[in-house]
**Student:** 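Provided herewith is a single structure, encoded as structure tokens, for subsequent inquiry.
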Amino acid sequence: MSVEQALIERSGHKCELCGSTENVQVLSVDPSDGTAEQSVFACETCRNQITEVSPMDTNHWRCLNDSMWSPVTAVQVVAYRMLDRLRAEGWPQDLLDMMYLEDDVLEWAKAGIAQEEEISNTVDSNGTLLKEGDDVTLIKDLVVKGANFTAKRGTTVKGIRMSDNPLHVEGKVNGTQIVLVAAYLKKL
């Protein structure tokens, strides 16, 4: 039986992530050996956002609230990676906190995230590599659009999160989650 046939049988010819029945195809979950156990059956919308062909639609991924509990390991891995990528939205972090993965599955999920992080490096104003969870300080006053306040120079931002853009990070200032330009930060 081919991988596609095995996935059709396993999924009932539906996207294993969102349940869509349109344009469903095989998606290997890297690092993968190409087997059905290391692949998911995903719709075009899910595939394009997973591979970053199209912009992220965070509301589409609310489906992970259900699919993260799938008994299929590859689906769990994709759900973990997508929740990790979207964690700045707030609700995905809550789901990540609830999610339990066996050690080998978690290692597989994080292996894919590590590959993505190696592609682009985020550096502060001094060229120091910034990583998820680092504490930084602002080196310039920044007007926060839409929140009606100015983040003052010297403000410490604890536990930053990486964004999809290597030029930006996300963090909380005055209790508000905002996007910060990495060039205006200094790692503590």
Side-chain angles (χ1 to χ4, degrees), residues 17-18 27 29-31 40 42 44-65 67-68 76-99 101 106-188:
L17 300 166
C18 72
L27 176 70
V29 182
D30 292 329
V40 295
E44 184 175 24
T45 302
C46 289
R47 286 192 320 273
N48 286 344
Q49 291 183 43
I50 289 168
T51 58
E52 299 180 32
V53 171
S54 59
M56 190 66 65
D57 174 9
T58 54
N59 283 327
H60 174 79
W61 292 105
R62 291 196 180 265
C63 62
L64 295 176
N65 191 35
S67 57
M68 69 185 238
Q76 293 172 5
V77 168
V78 173
Y80 182 91
R81 290 177 184 175
M82 292 309 296
L83 289 169
D84 183 72
R85 194 185 301 175
L86 295 166
R87 80 167 80 192
E89 297 292 319
W91 63 266
Q93 183 62 51
D94 295 338
L95 294 179
L96 274 173
D97 292 343
M98 287 190 292
M99 194 172 190
L101 298 175
L106 183 60
E107 187 177 316
W108 180 19
K110 288 184 175 181
I113 293 169
Q115 289 174 352
E116 290 175 14
E117 288 176 354
E118 289 174 10
I119 294 170
S120 60
N121 291 326
T122 303
V123 294
D124 72 359
S125 59
N126 296 325
T128 305
L129 183 66
L130 295 175
K131 295 180 186 162
E132 191 92 9
D134 282 345
D135 297 340
V136 296
T137 186
L138 300 177
I139 63 167
K140 177 181 177 179
D141 288 353
L142 301 173
V143 176
V144 180
K145 298 176 183 173
N148 297 326
F149 72 89
T150 301
K152 298 291 185 184
R153 182 178 63 178
T155 300
T156 299
V157 181
K158 295 186 179 276
I160 61 168
R161 294 186 176 154
M162 297 295 111
S163 70
D164 294 338
N165 183 341
L167 301 177
H168 299 118
V169 298
E170 298 169 357
K172 279 192 177 183
V173 176
N174 295 342
T176 303
Q177 185 79 17
I178 62 173
V179 175
L180 300 162
V181 177
Y184 298 141
L185 305 174
K186 182 175 124 186
K187 185 174 178 179
L188 294 179

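Numbering starts at 1 and runs along the sequence shown.
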**Student:** side-chain contact (heavy atoms from CB on, under 4.5 Å), that's the test. Do W108 and L101 meet it? Break it down for me.
**Tutor:** CA-CA 10 Å; W108 180 19; L101 298 175; over 6 Å; no
**Student:** According to side-chain hydrogen bond (donor to acceptor under 3.5 Å, both in side chains), who are the partners of E170, at least two apart in sequence or on a separate chain?
**Tutor:**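 E170 satisfies side-chain hydrogen bond (donor to acceptor under 3.5 Å, both in side chains) with no other residue.
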**Student:** At what distance, to the nearest 0.5 angstrom, does CG of D124 lie from CG of L130?
**Tutor:**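 Answer rounded to 0.5 Å: 5.0 Å.
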**Student:** Check side chain to side chain contact (heavy atoms under 4.5 Å, CB included) between N174 and all other residues, then give those that pass, not counting sequence neighbours.
**Tutor:**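 So N174 forms a side chain to side chain contact (heavy atoms under 4.5 Å, CB included) with F149.
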**Student:** Quick one: closest heavy-atom pair of R81 and A109, and the distance?
**Tutor:** NE-O, 3.1 Å
**Student:** First locate atom CG of L64, then atom CG of L83, and finally report the distance between them rounded to the nearest 0.5 Å.
**Tutor:**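 One finds 4.5 Å between CG of L64 and CG of L83.
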**Student:** List the steps and the verdict of side-chain contact (heavy atoms from CB on, under 4.5 Å) for R161 and E132.
**Tutor:** CA-CA 5 Å; R161 294 186 176 154; E132 191 92 9; 3.4 Å; yes
**Student:** Please report the interatomic distance CG(L185) to CG(L138), rounded to the nearest 0.5 Å.
**Tutor:** 6.0 Å
**Student:** Show the nearest heavy-atom pair for residues Q49 and D57, with the distance to one decimal.
**Tutor:**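 Where Q49 meets D57 most closely, the heavy atoms are OE1-N, 2.9 Å.
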**Student:** Roughly how far apart are D164 CG and L86 CG, rounded to 0.5 Å?
**Tutor:**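 One gets 8.0 Å once the value is rounded to the nearest 0.5 Å.
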**Student:** Let me see the working for Y184 and V136 under side-chain contact (heavy atoms from CB on, under 4.5 Å), right down to the final yes or no.
**Tutor:** CA-CA 10 Å; Y184 298 141; V136 296; over 6 Å; no
**Student:** Would you give the length of the straight line joining atom OG1 of T58 to atom CH2 of W91, rounded to the nearest 0.5 angstrom?
**Tutor:** 6.5 Å
**Student:** Can you list every salt bridge (Lys or Arg N to Asp or Glu O under 4.0 Å) pair that touches residues 176-188, not counting sequence neighbours?
**Tutor:**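 Qualifying pairs, neighbours excluded: D134-K187.
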**Student:** Write out all pairs satisfying side-chain hydrogen bond (donor to acceptor under 3.5 Å, both in side chains) with one or both partners inside residues 143-159, taking only residues at least two apart or from two chains.
**Tutor:** none
**Student:** Considering non-hydrogen atoms only, spot the tightest contact between S125 and A183 and give its length.
**Tutor:** CB-O, 3.2 Å
**Student:** Kindly write out the residues that satisfy side-chain hydrogen bond (donor to acceptor under 3.5 Å, both in side chains) with E44, not counting sequence neighbours, or none if the list is empty.
**Tutor:** N23
**Student:** What's the separation between atom CG in L167 and atom CG in L180, rounded to the nearest 0.5 Å?
**Tutor:**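 Result: 13.0 Å between the selected atoms.
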**Student:** So, for V123 and G127, which heavy atoms are closest and what is the spacing to 0.1 Å?
**Tutor:** CG1-O, 3.7 Å
**Student:** Under a 4.5 Å cut-off applied to non-hydrogen side-chain atoms, are M68 and M82 in contact?
**Tutor:** no
**Student:** Tell me every residue that passes side chain to side chain contact (heavy atoms under 4.5 Å, CB included) with K172, counting only those two or more places apart in sequence or in another chain.
**Tutor:**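 Counting only residues at least two positions away or on another chain, K172 forms a side chain to side chain contact (heavy atoms under 4.5 Å, CB included) with Q177.
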**Student:** Apply side-chain contact (heavy atoms from CB on, under 4.5 Å) to the pair L17 and W61, showing each step before the final yes or no.
**Tutor:** CA-CA 8 Å; L17 300 166; W61 292 105; 4.2 Å; yes
